[in-house]
4 protein chains.
Amino acid sequence: MTAEVTGLRADARRNRDQIVAAAKQWFAVQGPDVPMEEIARAAGVGVGTLYRRFPDREALIRAVVRESLTISVAEARAALAEEPTAWQALVRVLRQSRELRLIVRLTTAAQPAKTIVKDDEESSELRRAMIEVLDNVVHAAQAEGALRTDVDTGDVSMLFTLLVRPVPLQDEETAELARERCTALVLDGLRAHTGTPLPGRPLTAADVGL
Amino acid sequence: MTAEVTGLRADARRNRDQIVAAAKQWFAVQGPDVPMEEIARAAGVGVGTLYRRFPDREALIRAVVRESLTISVAEARAALAEEPTAWQALVRVLRQSRELRLIVRLTTAAQPAKTIVKDDEESSELRRAMIEVLDNVVHAAQAEGALRTDVDTGDVSMLFTLLVRPVPLQDEETAELARERCTALVLDGLRAHTGTPLPGRPLTAADVGL
Amino acid sequence: MTAEVTGLRADARRNRDQIVAAAKQWFAVQGPDVPMEEIARAAGVGVGTLYRRFPDREALIRAVVRESLTISVAEARAALAEEPTAWQALVRVLRQSRELRLIVRLTTAAQPAKTIVKDDEESSELRRAMIEVLDNVVHAAQAEGALRTDVDTGDVSMLFTLLVRPVPLQDEETAELARERCTALVLDGLRAHTGTPLPGRPLTAADVGL
Amino acid sequence: MTAEVTGLRADARRNRDQIVAAAKQWFAVQGPDVPMEEIARAAGVGVGTLYRRFPDREALIRAVVRESLTISVAEARAALAEEPTAWQALVRVLRQSRELRLIVRLTTAAQPAKTIVKDDEESSELRRAMIEVLDNVVHAAQAEGALRTDVDTGDVSMLFTLLVRPVPLQDEETAELARERCTALVLDGLRAHTGTPLPGRPLTAADVGL
DNA sequence: TATGAATGAGTTTTCATTCAT
DNA sequence: AATGAATGAAAACTCATTCAT
């Protein structure tokens with residue numbers, strides 16, 4: 001995200017950004033296996049250009065993940081800084097999920113992607129930053145008495161991961177509503193006071209590998 | 001599930017079943033794009049045999065979905081019949097999720113699958129049967145006072161769909177625990193009495209298209 | 001050469017042989033980089049067929065080298081067995097060079113091929129067999145007093161390697177004659193006493209195109 | 001070598017020379033197919049600059065061949081002028097083979113190169129000059145009684161061509177020795193009476209890796 | 001009928017060459 | 001004039017599907 005893109009000529013830089021943007025869109029709808037040529041076309045460049053910038057599919061996925069993670073971390077930090085309560089920050093993070101959705105989509109695909117993030121130092125660092133923010137939010141929300149205390153960051157991110165998955169419904173409007181309601185319901189389940197104790201022990205971020 | 005498989009010689013029938021079984025296994029781990037030859041090999045037959053029975057990949061997916069749906073419906077009915085309360089039936093359905101997981105995996109894959117079910121009369125019928133059972137369970141659980149009344153079958157199946165998605169965690173043990181805890185937490189959210197009212201209106205089965 | 005090709009259906013076997021034959025021809029004239037599709041076309045099959053039998057270019061090269069080495073070893077043994085003197089056997093080996101030429105061509109190419117032979121057990125074994133025969137021929141020829149005694153098998157095979165290289169001359173007839181004369185001259189150099197007349201006529205610069 | 005390079009600004013001229021030098025190095029190790037960008041990088045210029053100077057690969061090869069031929073001719077003339085006997089001049093030419101080796105490498109490559117020289121007037125002229133010198137050397141050596149009289153320049157250059165080919169041996173030291181011994185042996189074959197001892201020691205099969 | 005061979009279209013990737021900066 | 005970005009055609013390889021045995 002830094003050395004990699006600095007010092008490009010203006011037009012090259014623009015192309016690079018268009019490629020990443022196109023990749024994000026296609027990855028979001030089709031997963032990480034979309035034909036490279038499709039992405040190139042969507043970016044308005046030839047395949048060759050794509051390959052000059054990203055030597056192979058992995059490199060492109062890596063770039064997309066980095067960018068999405070960067071944005072996600074920033075969004076989470078903003079939520080924590082701006083919302084009056086940690087609980088509200090939690091809710092906001094959960095709703096600001098466009099980028100997260102993409103990351104989950106990519107890192108969840110059967111074939112290639114989990115490893116890509118694991119093996120990339122920059123991604124790993126971003127991942128750590130993300131965990132840190134989440135930890136803060138979760139523990140603060142518990143300190144507020146808003147979040148049940150038998151969960152930990154791992155549980156919360158697990159639930160995020162599930163909620164964030166693409167919901168393949170015919171019309172986007174219903175899909176949106178469904179997502180809203182599921183989110184609300186899960187938040188309800190996360191609220192303090194509630195019901196039955198959860199099985200096992202709170203899962204930490206380390207437990208779930210995020 | 002009927003005309004299609006009746007009147008086959010015993011060995012042909014056995015082949016067919018092995019193919020479907022192999023497909024279920026591969027689809028479960030790799031999604032609907034596994035090489036046909038992989039499936040054939042796992043079934044212990046040649047590709048030719050596979051294609052004699054299932055003219056193309058769609059036909060095979062359709063057969064798998066039908067079989068899984070059939071089992072799922074039966075399981076759901078059994079739960080309703082055998083559990084003392086509708087709530088417990090609901091919980092059991094949610095936990096007996098192996099077949100459901102496969103269906104979700106197949107019908108949410110980007111490329112081919114949603115349509116397959118839509119366009120197949122037998123699957124549609126099974127789907128309707130499934131909805132009927134779920135409707136019964138849901139409304140009975142609400143009548144019992146166990147399930148919150150601002151949800152409907154669509155919400156419930158939506159949540160099922162989410163929970164049932166494969167959770168890509170390193171070790172299977174933690175994955176299982178995570179799944180358990182998420183399920184418990186969602187069930188908590190579904191319990192009557194609870195928290196904040198959900199946005200919008202209860203989603204029916206028709207709303208979510210299952 | 002054995003397990004690999006046994007038990008193929010008659011037609012498959014025929015195809016396999018045609019592919020190897022086509023590869024030998026193309027490799028001989030163009031080196032190991034000929035487009036796979038060219039080879040497939042020459043063999044009268046689709047690329048797919050070629051790749052079914054030989055998973056990648058290396059596998060094909062390996063098969064060709066094995067076959068050529070096998071033939072070369074057999075030829076060398078036949079020469080040793082049938083010629084009245086070891087010297088004559090040496091001469092015959094040096095002239096029966098079609099297969100050897102191919103091997104040299106392949107194992108000499110800059111890019112890929114040397115390693116292929118090194119890493120292949122069957123090829124290595126054949127190579128050892130070849131060396132053994134050559135050792136026998138060389139030492140017997142020295143014992144006869146025909147071959148100078150300040151050389152050994154390495155020198156001889158080095159000279160073979162050089163002589164066997166493709167001579168890119170316009171017309172094949174002159175090329176053949178040139179090869180003959182070079183061979184004769186080198187044999188002269190290898191003789192214990194030296195001095196036989198060369199066949200044909202002196203070749204002018206124009207004859208050989210340099 | 002003349003019109004083409006005259007009238008270039010000093011820095012342009014320097015670029016051109018660096019490109020040719022880089023090309024010579026790469027061609028010598030990888031043959032005429034090295035990626036143009038590799039050559040440009042080695043020359044410390046962009047591809048664009050390379051293409052400004054040499055419209056396509058052929059033009060570059062042509063330039064390299066011209067330069068090497070020019071040097072070779074000069075070397076051969078120097079040998080003839082400076083050595084006490086024509087035979088010694090012949091030997092020296094055969095040993096001063098770096099440039100010759102490159103020419104042979106380029107002009108014997110399968111794909112493009114033979115024609116390039118044929119179709120280039122300047123190269124053809126150099127070729128003729130080369131032949132003339134060789135003719136002189138050869139005939140003078142025969143007049144001296146040193147070179148056998150049943151060969152002519154074509155035979156000699158054929159032998160040069162063979163000896164000059166890259167010898168793919170593991171370590172460069174052995175390769176050098178092998179080349180020396182082969183050269184000596186061929187010279188022996190070329191001698192009017194024959195019979196000098198070879199340098200070094202007999203090479204075993206293991207020595208040369210075949 | 002079962003088998004596995006053959007086909008060929010679809011994808012990824014590379015690189016010579018052209019062109020904008 | 002120099003640079004390096006963009007292009008697109010070519011080559012390797014995979015796999016769904018058809019067909020001969």
Side-chain angles (χ1 to χ4, degrees), chain A residues 7-16 19 33-40 43-60, chain B residues 8-9 11-12 15 19 33-41 43-60, chain C residues 7-16 19 33-40 43-60, chain D residues 8-9 11-12 15 33-41 43-60 112:
Chain A
L8 286 178
R9 254 163 41 185
D11 57 342
R13 177 60 206 254
R14 188 165 359 93
N15 276 339
R16 201 208 100 103
I19 291 170
D33 293 330
V34 224
M36 295 295 259
E37 203 150 347
E38 212 64 68
I39 297 173
V45 302
V47 238
T49 306
L50 196 167
Y51 273 93
R52 160 180 284 268
R53 221 45 82 194
F54 304 97
D56 53 22
R57 178 181 295 278
E58 294 218 347
L60 180 55
Chain B
L8 288 177
R9 267 173 26 197
D11 56 343
N15 275 345
I19 291 169
D33 294 331
V34 221
M36 295 297 257
E37 217 159 327
E38 213 63 68
I39 297 172
R41 177 167 25 259
V45 304
V47 238
T49 307
L50 194 165
Y51 272 93
R52 159 178 297 273
R53 224 43 89 194
F54 305 96
D56 55 21
R57 178 180 295 275
E58 294 219 346
L60 180 55
Chain C
L8 287 178
R9 255 166 37 187
D11 57 341
R13 176 61 205 253
R14 189 164 0 93
N15 275 340
R16 201 207 99 102
I19 291 169
D33 293 330
V34 222
M36 295 296 257
E37 202 149 349
E38 212 64 67
I39 297 172
V45 303
V47 236
T49 305
L50 196 167
Y51 274 96
R52 160 182 283 268
R53 220 47 81 195
F54 305 96
D56 54 20
R57 180 181 294 277
E58 294 218 347
L60 180 55
Chain D
L8 289 177
R9 264 171 30 197
D11 56 342
N15 275 345
D33 295 330
V34 221
M36 295 296 258
E37 220 160 324
E38 214 63 69
I39 297 172
R41 178 168 22 262
V45 303
V47 237
T49 306
L50 195 166
Y51 273 92
R52 159 176 296 272
R53 224 45 87 195
F54 304 97
D56 55 21
R57 179 181 294 276
E58 294 219 347
L60 180 55

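Numbered from 1 within each chain, the chains take letters A, B, ... in sequence-line order.
Once rounded to the nearest 0.5 Å, the distance linking CE of D/Met36 with CZ of D/Arg41 reads 13.5 Å. A distance of 14.5 Å separates CZ in A/Arg52 from CZ in A/Arg16, rounded to the nearest 0.5 Å. With rounding to the nearest 0.5 Å, the separation of CG in A/Leu50 from CD in A/Glu37 is 10.0 Å. The CG atom of A/Asp56 lies 11.0 Å from the CZ atom of A/Phe54; values are rounded to the nearest 0.5 Å.
Atom-to-atom, CZ of A/Phe54 to P of E/dT12 comes out at 16 Å; the value is rounded to the nearest Å. Atom C1' of nucleotide E/dT17 and atom CZ of D/Arg53 are separated by 17 Å, given to the nearest angstrom. One atom, CG of C/Leu50, and another, C1' of E/dG8, lie 14 Å apart when rounded to the nearest Å. Going from atom CD of D/Glu38 over to atom C1' of F/dG4 covers 15 Å, rounded to whole Å. The CG atom of A/Asp11 sits 12 Å away from the C1' atom of F/dT3 (whole-angstrom rounding). Put simply, CZ on A/Arg13 is 13 Å from P on F/dA6, counting in whole angstrom units. With rounding to whole Å, D/Leu60 atom CG is found 14 Å from E/dT17 atom C1'.
Between A/Gly44 and C/Thr49, the residue anchored nearer the 5' end of DNA chain F, judged by the nucleotide with its closest heavy atom, is A/Gly44.
Between F/dA2 and D/Arg52, a contact under 4.0 Å exists linking OP1 or OP2 to a side-chain N or O. The shortest distance between the side-chain N/O atoms of A/Arg16 and the OP1/OP2 oxygens of F/dA5 is not below 4.0 Å. When the side-chain nitrogen and oxygen atoms of D/Asn15 are compared with OP1 and OP2 of F/dA2, one or more of them lie within a distance under 4.0 Å.
For F/dA20, the paired base is E/dT3 (Watson-Crick or G-U wobble, both distances below 3.5 Å).
Looking at C/Asp11 and C/Arg14, their side chains come closer than 4.5 Å, going by heavy atoms from C-beta outward.
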Produce the list of close N/O pairs, under 3.5 Å, pairing protein atoms with atoms of nucleotides 13-16 of chain E; give distances to one decimal.
unit_1: E/dT13; atom_1: OP2; unit_2: A/Tyr51; atom_2: OH; d: 2.6
unit_1: E/dA16; atom_1: OP1; unit_2: D/Arg57; atom_2: NH2; d: 2.7
unit_1: E/dA16; atom_1: OP2; unit_2: D/Met36; atom_2: N; d: 2.9
unit_1: E/dA16; atom_1: O5'; unit_2: D/Arg57; atom_2: NH2; d: 3.4

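Between the side chain of C/Arg57 and the backbone N or O of C/Val34, at least one donor-acceptor pair lies under 3.5 Å.
Residue C/Ile39 comes nearest to C/Ile19 through the heavy atom pair CG2-O, 4.0 Å, listed as atom of the first residue, atom of the second, then distance.
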